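Everything on this sheet refers to the single structure shown next.
These numbers come from a predicted model, not from an experiment. Residue numbers start from 1 in every chain, and the chains themselves are labelled A, B, ... in the order their sequence lines are given, proteins ahead of strands.
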There are 2 protein chains.
Amino acid sequence: MLDMAILGLLREGPMHGYELKQRLVDLGFWRISFGSVYPALRRLDRSGWIEVSGGSGRRKEYRITAEGKEHFQQILEDEASEVENTTAFRVRLAFFRYMEPSVRIGFLERRKSVLRERIAAARGSLRKTADRVDRYTQALMEHGVKVAEADVAWIEELIASEQLDAPRGFDDAPGEK
Amino acid sequence: MLDMAILGLLREGPMHGYELKQRLVDLGFWRISFGSVYPALRRLDRSGWIEVSGGSGRRKEYRITAEGKEHFQQILEDEASEVENTTAFRVRLAFFRYMEPSVRIGFLERRKSVLRERIAAARGSLRKTADRVDRYTQALMEHGVKVAEADVAWIEELIASEQLDAPRGFDDAPGEK
DNA sequence: CAGTCGCTATATCGAACCGATATAACGAAC
DNA sequence: GTTCGTTATATCGGTTCGATATAGCGACTG
């Protein structure tokens, strides 16, 4: 996941590690530590998806390679990708501009149905355990459901505004089912 | 964090690993894997906070020890504990009944101020980056702020209902500042 | 102008955690 | 009676976290 976020940011231009970490924090994905960022950068370098300029010492610059861009595009648009993972969904949303318009709505829809399943499950376990859990636990579970419902509503808004932009089949994917 | 959640559940009675994991999932803290649960149980056993009955084979039962209860109480009520961590806060809330009433409101207040700081920071970074991020990223950040605001409102409710139960200084902490 | 404080920047370490997978016993359906 | 889903314990590799170390740099301070 971190790999995708880093590649996505490097698509906009080369950066050094510290700046990259600041940007990641700014986007508010999650709180990332250097203990994740630097190993990730080494990993991406080994895979040939980024390259490093400025040897050992201060201020190394990282830039994405052509293969890196290709790889980023692939993992970004991967239909089988985990929509159950909130972070993964949020990162993909942040890079929606790089995603085929025809794929965007599919992602949003799949996320919505995952959330709905989760809401149903949470409601079930609330009913099931209502008698043996205390009011704090109950408040916690109920709040979780409320947040998830707000998320669904938000995603529906996103879908609606996406459909306004592309009311009927898009240039890139004309007849594609 | 997992350690605290496990000890908290075992306070209610002995369980085996699988059941424990189900309960953890039911509570909806986060999605826990066996790859976390079993190492955690071994860890807790080594520390002497739980004990295992039923040797190698099927269905081991785990029960909390007296030292385990003491340790649980300590990490639960630790004033210096991380309120920045959403998961840590949620787990503690689920075990609020084991917490000194005088300590509960303190926790809620500290969580609230952390969220408020985070909202302010997010608003700042929204203003700062408004021109160079696209509408998807912006929608993501704005939604994050909204969710955090709803969280603050929820915590304020919790504080209010807590103050109803204990309107003025409690028996346990009479003159304590 | 020496001292030190805080920020930028890179890096590593151990511990914890995740996701996938292996294994096996059990009950029930077919 | 064997195949299937569920319960149950366990491990493995890879990733991530949190803490910590190091050092150059600018700014302010006595």
Side-chain angles (χ1 to χ4, degrees), chain A residues 1-7 9-10 14-26 29-47 49-63 75 78 80-91 114, chain B residues 1-7 9-10 14-26 29-47 49-62 75 78 80-91:
Chain A
M1 201 38 25
L2 185 54
D3 293 26
M4 189 164 80
I6 289 175
L7 289 176
L9 284 180
L10 288 183
M15 265 178 245
H16 48 269
Y18 192 87
E19 195 184 348
L20 214 79
K21 196 238 176 189
Q22 299 302 84
R23 289 289 309 271
L24 287 167
V25 170
D26 273 1
F29 291 147
W30 68 96
R31 66 189 182 304
I32 291 120
S33 75
F34 291 115
S36 322
V37 173
Y38 288 109
L41 287 170
R42 233 176 302 135
R43 193 160 68 231
L44 291 169
D45 185 29
R46 272 203 312 272
S47 305
W49 294 324
I50 63 170
E51 47 184 24
V52 194
S53 65
S56 68
R58 247 180 137 249
R59 232 179 167 82
K60 292 182 186 178
E61 257 210 344
Y62 300 92
R63 53 167 41 79
I75 56 175
D78 179 21
S81 67
E82 354 123 62
V83 266
E84 315 90 48
N85 187 329
T86 304
T87 306
F89 172 75
R90 286 164 54 81
V91 172
V114 164
Chain B
M1 199 39 23
L2 186 52
D3 292 25
M4 190 165 79
I6 289 174
L7 289 176
L9 284 179
L10 289 182
M15 265 179 246
H16 48 270
Y18 192 87
E19 194 184 348
L20 215 81
K21 194 238 177 188
Q22 299 302 84
R23 290 288 310 271
L24 287 168
V25 169
D26 273 1
F29 290 147
W30 67 96
R31 69 191 178 303
I32 291 120
S33 77
F34 291 114
S36 321
V37 173
Y38 288 109
L41 285 170
R42 233 177 301 134
R43 192 161 67 230
L44 291 170
D45 184 29
R46 273 203 311 272
S47 305
W49 295 325
I50 64 170
E51 47 184 23
V52 193
S53 64
S56 70
R58 250 180 134 249
R59 232 179 168 81
K60 289 182 187 176
E61 259 210 343
Y62 300 92
I75 56 176
D78 178 20
S81 67
E82 353 123 61
V83 266
E84 315 90 49
N85 187 331
T86 305
T87 305
F89 172 77
R90 284 163 57 79
V91 171

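Protein atom CD1 of A:I6 is 12 Å distant from nucleotide atom P of D:dT15, rounded to whole Å. Nucleotide C:dT8 holds its P atom 16 Å from the CE atom of A:M15, rounded to whole Å. At whole-Å resolution of the value, CE in B:M4 and P in C:dC17 are 12 Å apart. D:dT16 atom P lies 9 Å from atom CE of A:M1, rounded to whole Å. One can place CZ of B:R43 at 15 Å from P of D:dA10, the figure rounded to the nearest angstrom. A:I32 has its CD1 atom 11 Å from the C1' atom of D:dT16, to the nearest Å. Protein atom NZ of A:K21 is 12 Å distant from nucleotide atom P of C:dA9, rounded to whole Å. For the pair A:L44 CG and D:dG14 P, the computed distance is 16 Å after rounding to whole Å.
The stretch residues 34-41 of chain B touches DNA chain C through B:G35, B:S36, each having a heavy atom under 4.0 angstrom from the strand.
Side-chain contact between B:L10 and B:M15: present, with at least one pair of heavy atoms (C-beta onward) separated by less than 4.5 Å. You'll find the side chain of B:Y62 stays beyond 4.5 Å of the side chain of B:L20, heavy atoms only. Looking at B:R31 and A:N85, their side chains come closer than 4.5 Å, going by heavy atoms from C-beta outward.
Map B:N85 and B:H16 each onto its nearest nucleotide of DNA chain D; the residue landing nearer the 5' end is B:H16.
The phosphate of C:dG19 has OP1 or OP2 within less than 4.0 Å of a side-chain N or O from B:R31. Within the structure, a side-chain polar atom (N or O) of B:W30 is placed less than 4.0 Å from OP1 or OP2 of C:dC18. Phosphate contact (OP1/OP2 of D:dT7, side-chain N/O of B:Y18, threshold under 4.0 Å): present. For the pair B:R42 and D:dT9, the criterion of a side-chain N or O lying under 4.0 Å from OP1 or OP2 is not met.
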- [ ] Dump the intermediate steps for side chain to side chain contact (heavy atoms under 4.5 Å, CB included) on A:K60 and A:H16, then the final yes or no.
- [x] CA-CA 5 Å; A:K60 292 182 186 178; A:H16 48 269; 5.5 Å; no

Task: Chi angles and distances behind the side chain to side chain contact (heavy atoms under 4.5 Å, CB included) call for B:T86, B:W30 - done: CA-CA 10 Å; B:T86 305; B:W30 67 96; over 6 Å; no

TODO: With side chain to side chain contact (heavy atoms under 4.5 Å, CB included) as the test, would you mind laying out the steps for A:M1 and A:F29 before giving the verdict?
DONE: CA-CA 11 Å; A:M1 201 38 25; A:F29 291 147; over 6 Å; no

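Here C:dA9 is the nucleotide among D:dC17, C:dA9, C:dC18 with the atom lying nearest to any side-chain atom of A:R59.
Separating the CG atom in B:L24 from the OG atom in B:S33 is a distance of 11.0 Å, to the nearest 0.5 Å.
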